Number of protein chains: 2
Amino acid sequence: MAERSVTSGPTIYEVAARAGVSIATVSRTFSDSSKVAARTRDAVLDAARELHYVPAAAARALAVRRSKALGVVLPHIDGPYYAELLVGFEIAASELGLSVVLALAGPQERRSAAVLDLLGRVDGVAFMARGGADDAAVLEVAGVRPTVSVARGRVDGVDAFYAENRGTARELTEHLIQHGHRRIGFVGRPEEGSDIGRRHRGYLEALDAAGLAPAAHFAVAPVEHAGLELADQLLAEQRDDAGGLTGLDALVCGNDELAMALVARMADAGIDIPGRLAITGWDDTVTARYLTPGLTSVRQEVAELGALAARRLAARIGGEPEQGPVTVASTLVLRRSCGCDPAAPLTFAPITDIPTKESS
Amino acid sequence: MAERSVTSGPTIYEVAARAGVSIATVSRTFSDSSKVAARTRDAVLDAARELHYVPAAAARALAVRRSKALGVVLPHIDGPYYAELLVGFEIAASELGLSVVLALAGPQERRSAAVLDLLGRVDGVAFMARGGADDAAVLEVAGVRPTVSVARGRVDGVDAFYAENRGTARELTEHLIQHGHRRIGFVGRPEEGSDIGRRHRGYLEALDAAGLAPAAHFAVAPVEHAGLELADQLLAEQRDDAGGLTGLDALVCGNDELAMALVARMADAGIDIPGRLAITGWDDTVTARYLTPGLTSVRQEVAELGALAARRLAARIGGEPEQGPVTVASTLVLRRSCGCDPAAPLTFAPITDIPTKESS
DNA sequence: CCCCTCAATGGAAGCGCTTACAGTCAGGGT
DNA sequence: ACCCTGACTGTAAGCGCTTCCATTGAGGGG
């Protein structure tokens, strides 16, 4: 089934020949067509169309020493969080005429080869969320290409983007306090420099400001099954003590996954949420609003974060210097699980729109 | 802040000079290093490391006439569905040493330019889900590059991949019938060749086989707010009739989004789900298992679908001919919303693992 | 009517890498 | 000692495009 050599097709030479012009003219037609006479341009365009000409990006990249592509390094996406980040990034990139090359951080060994390969084909790279690569790797990349990081610890020479965490976590915790909760625990492992780490800080600040002590800290991984296990553990202790759920009346969770699992399992076991135990999440996932009771959470403008990162990266490639870290505001979404009782039935989020301008 | 011309860095020439060999040897070292003497290879590798050499993918691509990259065209990702598809695809691609270039289908006008650009930088492209591009566009691409489609209508010359829909929809509907439901409606617009279209077909077949007639068909868009609106409409009619929810006792929904919205709104309004009205979804999203009652749905091996598509695409690029469409099995996930009462508390899905071999 | 200007085009030199093809050199066989 | 073999390595010709420098004409001014 001898296919015509894939990835070949007509070149600028064939188009030039067919249009009766030189390759320089064809090239100009495709880049700055204003320098080409209208008649000539049309002839070239016709020829190109007839031949199904597809410009070879590699050749162009080689000639101009720029690939017009941005690289993204992500941990294996799961959940809407990374997807949204990626969408925001892609849309912004494509508006700038830049392609996006994806690299999911795989097993450690293959990782460095993959990153090297990525580097070779892009003009700049964005590291999203820790887990994608360690700081050393990021630093190394930053030495070779403009680099930005999103929702990730700071690294020198790298523009950092975050969704606001600390302040909002503080607000959230204060809100819980206003509801009358006093024995407030935290769920999630606060790795340094991570989002959850910053949320934990805000939580501590709020408690401190109110003269309260942290009631408990469950440093578990931010995943569903850890939440389920923790719920089971708490329920078991409760049974033994015949006591007060280990002296807790509220739990601030590092993300929705954890919170959802806790709410569901606890409620299943007959614990009154939020009456007996208030629980909050973070991320405002779809599930948060379908949970019973509705999960109080925090909405982050993730898509915007991605978009900002892409634009900044493009600017850096264009020669602009590094800038300080950028924080995008997050907002509390109050539902029933914290103790509120919003009359609203099912609020659903507006379509996320990607802002067009960069805000600093 | 005159940065060193980005995207430049040392070339194979500098490495060769530093290692005291010719560029051919450096090149060989990086490709088939078995043809290079061990001492020489080490010298080259050392030099490369010292210089932070990054091979220019564009130059290589130009020389070998192959970019080692696959393109993916997606509608704007939202929800875990596309994310999972993409992850499966990326993992498989990277195992094959191929990069993934992403193109989200944007506004119509910019779309063709974006696709052209994409074509120029990849060896093959995967169209995922309709909405990414119309059939004509796919066909055109297929004439120029090996092409596969995933969860999308068939197009000549394009290898197609689907999650099983019709048979499972039939099973699901039969299941509902076994529960004693007779007046079963369908929710979702069955665009031809779409997944939902195939689900609708299976639903009709089951009814037909049981000698039942479709009780209703609400051809709405497969999105949350359409589900909410439909729920409100049904509730309003119900109030007027003081009657039987327009003669329905079960609703098969085209996807989870629709089903979730219906379940939540109906339950909120005091309708007994599934007692008064059974509802099923499709996709087995996270929310399905956290909904009250749990949403009966269908799990699709989406990541596997993506992986299969990537491998097939690679094979096509390697010269293999087109093959018939491939279907990946889907499985019913029974929860309470259909009338079942699985004792299990909160079942949670196993980590999706990407199968290593292609099954046909 | 000549010269100059400017717009439109063509010629040709790379961009950094791969890969025939052609050497070079050390051994081994005779 | 001579030739052959085979393992390495070097030379150089592109891959398809961009772009600097001409070159060519067609007006316009004097």
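Remember, predicted model here, so these are calculated numbers, not experimental data.
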- Which residues share a side-chain hydrogen bond (donor to acceptor under 3.5 Å, both in side chains) with A:Thr40, sequence neighbours left out: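 Scan of A:Thr40 (side-chain hydrogen bond (donor to acceptor under 3.5 Å, both in side chains), adjacent residues dropped) gives none.
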Across all chains, not counting sequence neighbours, the side-chain hydrogen bond (donor to acceptor under 3.5 Å, both in side chains) partners of A:Ser194 are none
Looking at every strand, decide which applies to [X] at a 4.0 Å heavy-atom threshold: base, sugar-phosphate, or nothing.
X: B:Phe30; value: nothing
X: B:Ala37; value: sugar-phosphate
X: B:Val21; value: sugar-phosphate
X: A:Thr11; value: sugar-phosphate
X: A:Val36; value: sugar-phosphate

_Tell me which residues in residues 38-61 of chain A lie within less than 4.0 Å of DNA chain C, going by non-hydrogen atoms._
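Nucleic-acid contacts, sorted: A:Thr40.
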Residue pairs meeting salt bridge (Lys or Arg N to Asp or Glu O under 4.0 Å), one or both in residues 21-31 of chain B, sequence neighbours left out, come to none
Side chain to side chain contact (heavy atoms under 4.5 Å, CB included) involving [X] - partner list, sequence neighbours excluded:
X: A:Ala56; result: A:Ala59
X: B:Ala151; result: B:Tyr81, B:Asp195
X: B:Ile23; result: B:Ile12, B:Tyr13, B:Ala16
X: A:Ser99; result: A:Ala69, B:Val101, B:Asp117, B:Arg121

DNA chain C: 5'-most and 3'-most nucleotides touching chain B, 4.0 angstrom heavy-atom criterion =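 Using the under 4.0 Å cut-off, the span is C:dG16 to C:dA20.
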Would you say the side-chain atoms of B:Asp123 pair up with the backbone N or O of B:Ser67, donor to acceptor, closer than 3.5 Å?
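Pair found, side chain donor or acceptor close to backbone of B:Ser67.
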Query raised in the report: Distance-only, no hydrogens or angles: does the A:Asp159 side chain make a donor-acceptor pair with backbone N or O of A:Gln323 under 3.5 Å?
Result: yes
| request: Report yes if a side-chain nitrogen or oxygen of B:Thr25 is closer than 4.0 Å to either non-bridging phosphate oxygen (OP1 or OP2) of D:dG10; otherwise report no. | output: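 Result: yes.
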Return the value, rounded to whole Å, for the distance between atom [atom1] of [X] and atom [atom2] of [N].
X: A:Arg65; N: D:dT19; atom1: CZ; atom2: P; result: 11 Å
X: B:Ile23; N: D:dA12; atom1: CD1; atom2: C1'; result: 9 Å
X: B:Tyr13; N: D:dA12; atom1: OH; atom2: P; result: 11 Å

What pairs of donor and acceptor atoms, side-chain ones from residues 42-50 of chain A against any protein atom, are under 3.5 angstrom apart with sequence neighbours left out?
unit_1: A:Asp46; atom_1: OD1; unit_2: A:Arg49; atom_2: NH1; d: 3.2
unit_1: A:Glu50; atom_1: OE1; unit_2: A:Arg18; atom_2: NE; d: 2.6
unit_1: A:Glu50; atom_1: OE1; unit_2: A:Arg18; atom_2: NH2; d: 2.7

Closest to the side chain of B:Arg28, out of D:dG10, D:dT18, D:dC21, is D:dG10
Exercise. Residues in ring pair (Phe, Tyr, Trp, His ring centres under 6.0 Å) with B:Tyr162, at least two apart?
Worked result: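 Not a single residue meets the ring pair (Phe, Tyr, Trp, His ring centres under 6.0 Å) criterion with B:Tyr162.
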_End-to-end axis angle, where each axis spans five pairs of the helix from C:dC1-D:dG30 to C:dT30-D:dA1, to 10°_ =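 Axis angle across the helix from C:dC1-D:dG30 to C:dT30-D:dA1, nearest 10°: 50°.
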